[in-house]
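Ligands are counted one by one from 1 in listed order, and the atoms in each one are counted from 1 as well. All values derive from a computational prediction rather than experimental measurement.
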Amino acid sequence: MKFTSKTLDPVTTLTQCAIVPVFEGGKLSSSARAINSASGGSLKALLKREDISGKHGESVLLPLIDSVKAERVLLVGCGPKGKMSEAQFNTLLGKITHLIKGKKLEKITVFFDELSVAGKDRNWQAQRVATTLALSSYHFDQFKSKRTRHKSLKQVTYASSSQAYNRGLNQALTTGLAIAKGMGVARDLGNMPGNACTPNYLASEARKLARKHPALSSRILSEKQMQDLGMGSFLSVTAGTVEPARMIVMQYQGAAKSQRPHILVGKGITFDSGGISLKPGAGMDEMKFDMCGAASVFGVLNTVLALKLPINLVCIVAAAENMPSGQATKPGDIVTSMSGQTIEVLNTDAEGRLVLCDALTYAEQFKPQSVIDIATLTGACVVALGNHAHGLYSNDDKLAGELLDCGQAVNDKAWHMPLWPEYDKQLKSNFADMANIGGRNAGSVTAACFLARFTKKYAWAHLDIAGTAWNSGGNKGATGRPVALLSEYLIRQSGKGRRGGKKTSR
Ligand code: BES
Ligand code: MN
Ligand code: ZN
């Protein structure tokens, strides 16, 4: 897919569909005005007939207008001229993707540079358009025996109102497209069934990516190697399955070797049955999505590679399957983590934290600037925040603030949750250093408190994406979140951010 910004004449532009705004009260945008005068007042006539008035959410698709080169003109109502809210802009984009879907369009042109969204600049707008339109043609049919041939968008031209804006707009479009690519990768991995997307499959994807990109190297730890490193907690999760577990380490070097890396750690439970603490049957298929944290790490890495960000990044994926069997870990078993801390496994279904804690200890050797883990960690997080925001926890308020900001900027929001000692106390065990569960109350918080015990040596944040990583019901499927948030974070860290990157000096 190609996105480019150009200054264009809306009348003579050859395109399959020109998307043109009109404002409330029948006010034409400048592109609409041009089309109107070229076509002898056809748009004004339309407004007069009240086919469209410019209100939010309205639209009319006009085929073949006299003396206008575009094959179609899609008029979209944008509300009162001036500023629209971000939410209204999102609705508008949603509406447009809905309208162009199924129209088999390959080349479209959007005249959006004359819209303005409150508090946002033109580049922000272009980036959002690129991400949304690029994802509008996402489909997942790898596993259907008959695949439909999709005609998806190939070329989007973003009409710019001045030559001087093109450079910035083009960069924003490239970023938006790279984020969509990362989200697509995350969705694809997330949507794959557990019998195809195994820990070994994720490892092979890592190797494949490293072969393709010279700046990336991969290292796959076997169970034997994890054993030698003392990862007793991680290994307790994989005890019941025949699928071998893998710790996948991918190192991207985009900056001087001396620059400390950022680290992403993904929960990669390729299927979570609960183990001996078996989950109920209804909806258990959705536990194939329990590797969406890992999928988002692969996604962000793809974005970073596409943008060639000048940062160093280490990606760690803790990949295992959680199954019951005669060899499986039992409630009450005590295991020793790589950090030396012992854990009483009171519930084998609280397995995410068990694989993550060893991955987080493993991360220490890289002397990171920041470590962010991403995990479909708790059902309790879904209860607390629903499907709208990721649960954000951090031992560093500055890092937390930056992540909250990034989520806002790219419509991939997180909400800051507490890590107070009162909650941490719930993890007390009579027999080991800690239990792996903290009781019924505040389940998402106590899970994060558990992880916090393994992240004392660096600035760390945890995203609980249990409610945001996938949709259930009719449009069941991975969302690709929080690739946008994390990409934005790394872009800002790289100093490539539009608002100027703040270099953290940790
Ligand atoms: N993968 C689940 C969390 C989950 C559940 C995510 C439902 C999305 C939807 C995790 O491994 C889990 O089973 N957590 C338990 C923890 C409990 C045993 C303390 C949970 O949330 O029920
Ligand atoms: Mn579980
Ligand atoms: Zn799980």
Side-chain angles (χ1 to χ4, degrees), residues 190 194 197 199 202 233-234 236-241 243 245 265-296 317-324 328-333 343-357 359 373-391 393 417 423-424 426-429 434-451 462-473 476-479 481-482:
C197 183
L202 290 177
S233 178
F234 185 122
S236 74
V237 173
T238 195
T241 177
E243 289 292 343
V265 178
K267 170 177 172 182
I269 299 297
T270 57
F271 188 75
D272 180 14
S273 70
I276 296 297
S277 314
L278 193 64
K279 286 183 181 294
M284 209 206 269
D285 67 289
E286 293 191 7
M287 282 298 115
K288 74 171 185 177
F289 294 117
D290 212 18
M291 36 59 70
C292 280
S296 75
V317 167
E321 193 180 67
N322 185 22
M323 293 289 271
T329 298
K330 306 171 289 300
D333 286 0
I343 304 160
E344 184 184 16
V345 180
L346 288 177
N347 189 319
T348 65
D349 197 11
E351 85 297 338
R353 61 199 81 181
L354 295 176
V355 297
L356 287 172
C357 69
D373 79 73
I374 309 101
T376 48
L377 203 62
T378 63
C381 191
V382 192
V383 175
L385 297 173
N387 311 115
H388 307 296
H390 319 294
Y393 299 84
M417 304 278 279
Y423 293 109
D424 181 77
Q426 290 178 225
L427 294 169
K428 179 184 178 302
S429 157
M434 70 194 88
N436 78 327
I437 55 172
R440 232 179 64 86
N441 292 345
S444 176
V445 183
T446 53
C449 287
F450 180 96
L451 297 177
H462 157 62
L463 289 169
D464 193 334
I465 59 166
T468 51
W470 74 90
N471 297 315
S472 305
K476 191 188 289 183
T479 58
R481 293 181 68 185

- Item | Within-cut-off N or O pair, D290 and ligand 1, under 3.5 Å | yes
- D272: which N/O/S atom is nearest the Mn ion (ligand 2)? OD2
- How about E351: does one of its N, O or S atoms come closer than 2.8 Å to the Zn ion (ligand 3)? yes
- Query: Any donor-acceptor pair under 3.5 Å linking the side chain of Q426 with the backbone of A442?
  - Reply: no
- Search all heavy atoms of S472 against all heavy atoms of E286 and return the closest pair with its distance. OG-OE1, 3.0 Å
- With backbone taken as N, CA, C and O and side chain as the heavy atoms from C-beta onward, which portion of E286 lies under 4.0 Å from ligand 1: side chain, backbone, both, or neither? neither
- Where's the contact between D272 and ligand 1, heavy-atom distance under 4.0 Å: side chain, backbone, both or neither? side chain
- Item | Side-chain donor/acceptor of T479 to backbone N/O of A469, under 3.5 Å | yes
- Item | Short side-chain to backbone donor-acceptor contact, N387 and G467, under 3.5 Å | yes
- Would you mind running through ligand 1 and noting each atom that sits below 4.0 Å from a heavy atom of E351? 11 (O)
- Query: Looking at atom 19 (C) of ligand 1, what's its closest protein heavy atom, distance included?
  - Reply: I437 CG2, 3.4 Å
- Task: Answer yes or no: is there an ion pair linking K267 with D290, defined by an N-O contact shorter than 4.0 Å?
- Result: yes
- Okay, side chain of T446, backbone of Y423: is any donor-acceptor separation there less than 3.5 Å? no
- Task: Please state which part of L377 comes within less than 4.0 Å of ligand 1, counting heavy atoms only: side chain, backbone, both or neither.
- Result: backbone
- Item | N, O or S from A350 under 2.8 Å to the Zn ion (ligand 3) | no
- Message: Please list, in number order, the atoms of ligand 1 under 4.0 Å from a heavy atom of A466.
- Response: 6 (C), 8 (C)
- Task: Take atom 22 (O) of ligand 1 and look for protein heavy atoms under 4.0 Å from it; say yes if you find one, no if not.
- Result: no
- Can you name the nearest heavy-atom pair linking S429 to A435, along with the distance? CB-N, 3.6 Å
- Query: Closest to the Zn ion (ligand 3), which N/O/S atom of D272 is it?
  - Reply: OD2
- Query: Checking S277 side chain against T348 main chain: does a donor-acceptor pair fall under 3.5 Å?
  - Reply: yes
- Item | Heavy-atom nearest neighbour of atom 20 (C) of ligand 1 within options A447, G379, G275 | G379
- Task: Provide, to 0.1 Å, the distance between atom 8 (C) of ligand 1 and the closest protein heavy atom, together with that atom's residue and name.
- Result: W470 CH2, 3.3 Å
- D290: which N/O/S atom is nearest the Zn ion (ligand 3)? OD2
- May I ask you to decide if T329's main-chain N or O and S236's side chain share a donor-acceptor pair within less than 3.5 Å? no
- So, for T376 and W470, which heavy atoms are closest and what is the spacing to 0.1 Å? CG2-CZ3, 3.7 Å
- Query: Using heavy atoms and a threshold below 4.0 Å, how should the contact between K267 and ligand 1 be classified: side chain, backbone, both, or neither?
  - Reply: side chain
- Item | Sidechain-backbone polar pair: R481 side chain, I465 backbone, donor-acceptor under 3.5 Å | no
- Task: Check whether any N, O or S atom of E351, backbone or side chain, sits closer than 2.8 Å to the Mn ion (ligand 2).
- Result: yes
- Would you name the heavy atoms of N322 and G274 that are closest together and state the gap between them? ND2-C, 3.4 Å
- Say whether R353, considering both its backbone and side-chain N or O atoms, lies within less than 3.5 Å of an N or O atom on ligand 1. no
- Message: Out of T348, N347, T378, D349, who is nearest to atom 13 (O) of ligand 1 when you count heavy atoms only?
- Response: D349
- Note on the structure: Of all protein heavy atoms, the one nearest atom 7 (C) of ligand 1 is M287 CE, 3.6 Å
